[in-house]
Amino acid sequence: LGVTMSAKRSYRVSRREFVKGFTVLASGLMGMIVGLTEKDIVGFTGTGREVSICNQNNPHTFIISGEYESVNSVLSASREEGALRASLLPLSKPYHSELLKPASIGFRDALNGLDVKNPEPAYFSNLNREIITTGEGLREELVTNLYNRMNWYETMKAMIGQGVEVFYECGAGEALT
């Protein structure tokens, strides 16, 4: 995450640095399920399990996030239900889940120490599909993105509905962040 400072220098603030120190996250991970409905997957997550849907990529592709055993249990149930694919993702943290809420405190503190400029162009939220035009709004989006569900599918539909025709998707490494 590059943040431009008012002194016209760029600094790198890594979400990974804030989440890796939390022992509660040691067994967290993410998985992908293709070929089932949201209703099916929600039924597998049940109550009392530390796993939830954290993203929807299309009508039948979902990402789940949570504790190790719970994620594996939901992936297993999805395979038994006939999912086309149910597999772990190569991530060691349960991003976009409540398990990362403790990490958001340190991340917020770090961002509060930076002068986050208004985004140019404006930023389209993957959380609530609103357009963010202020640095403060962007700061809040970055923090809440750690522990809230996204919906890529609905975001893309909303952007197309507002007339966006060209998309550039950029990540910091092998996975989008």
Side-chain angles (χ1 to χ4, degrees), residues 1-32 50-57 61-68 70-71 88-177:
L1 165 64
V3 179
T4 303
M5 304 291 290
S6 57
K8 298 192 182 203
R9 293 184 298 169
S10 292
Y11 291 86
R12 187 133 178 95
V13 178
S14 172
R15 292 189 309 180
R16 185 175 302 148
E17 292 302 313
F18 290 105
V19 298
K20 76 179 183 181
F22 290 90
T23 57
V24 71
L25 304 175
S27 63
L29 52 103
M30 298 173 74
M32 177 176 20
E50 290 294 329
V51 62
S52 60
I53 294 173
C54 67
N55 193 10
Q56 179 179 6
N57 290 336
T61 302
F62 297 88
I63 308 300
I64 60 172
S65 184
E67 291 182 342
Y68 182 84
S70 296
V71 168
L88 293 174
L89 294 176
L91 299 165
S92 62
K93 302 290 183 253
Y95 291 103
H96 312 294
S97 78
E98 283 290 319
L99 293 175
L100 276 185
K101 198 164 190 175
S104 70
I105 297 166
F107 191 56
R108 180 184 305 278
D109 289 345
L111 289 177
N112 283 340
L114 302 175
D115 179 23
V116 179
K117 300 291 185 188
N118 296 343
E120 291 181 30
Y123 180 86
F124 202 93
S125 171
N126 201 17
L127 298 175
N128 60 20
R129 280 140 316 274
E130 293 180 2
I131 296 173
I132 297 173
T133 59
T134 66
E136 186 55 41
L138 183 57
R139 180 191 330 262
E140 186 61 27
E141 175 82 3
L142 292 169
V143 171
T144 58
N145 186 283
L146 281 177
Y147 60 90
N148 281 292
R149 178 181 174 166
M150 310 180 321
N151 192 316
W152 182 248
Y153 177 61
E154 291 298 326
T155 299
M156 294 303 293
K157 285 179 15 181
M159 291 175 77
I160 290 167
Q162 290 196 19
V164 176
E165 296 177 347
V166 177
F167 298 87
Y168 296 95
E169 187 174 28
C170 304
E174 292 184 25
L176 296 174
T177 59

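- Of the residues Asn145, Asn148, Thr155, the one that meets the side chain to side chain donor-acceptor pair (under 3.5 Å) test with Asn126 is Thr155.
- Side-chain atoms of Asn57 do not come within 3.5 Å of backbone N or O of Phe62 as any donor-acceptor pair.
- Judged by distance alone, the side chains of Ser70 and Glu50 never bring a donor and an acceptor atom under 3.5 Å apart.
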Step by step, would you call Asn151 with Arg129 a side-chain contact (heavy atoms from CB on, under 4.5 Å)? CA-CA 9 Å; Asn151 192 316; Arg129 280 140 316 274; 3.9 Å; yes
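- Between Val71 and Gly66, the shortest heavy-atom distance links the atoms CG2-N, 3.5 Å.
- Here Asn55 contributes atom CG and Glu154 contributes atom CD; the two are 11.0 Å apart, rounded to the nearest 0.5 Å.
- Within the 4.5 Å cutoff, the side chain of Val164 has no heavy atoms near those of the Met156 side chain.
- Separating the CG atom in Leu127 from the CE atom in Met150 is a distance of 7.5 Å, to the nearest 0.5 Å.
- Atoms OG1 and NE2, from Thr144 and His96 in turn, are 10.5 Å apart once rounded to the nearest 0.5 Å.
- Of the possible polar contacts, one joining the Ser65 side chain to the Tyr95 backbone as a donor-acceptor pair under 3.5 Å is found.
- Judged by distance alone, with hydrogens and angles left aside, the side-chain atoms of Arg149 form no donor-acceptor pair with the main-chain N or O of Ser52 at under 3.5 Å.
- Of the inter-residue distances, the one linking Ile132 atom CD1 with Leu142 atom CG reads 8.0 Å to the nearest 0.5 angstrom.
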Determine, step by step, whether Met30 and Lys93 satisfy the side-chain contact (heavy atoms from CB on, under 4.5 Å) criterion, reporting the C-alpha distance in whole Å, the side-chain angles of both residues, the deciding distance to 0.1 Å, and the verdict. CA-CA 7 Å; Met30 298 173 74; Lys93 302 290 183 253; over 6 Å; no
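- Here the NZ-OG1 distance, from Lys117 to Thr134, works out to 13.0 Å after rounding to the nearest 0.5 Å.
- Note that OG of Ser97 is 13.0 Å distant from CD1 of Ile63, once rounded to the nearest 0.5 Å.
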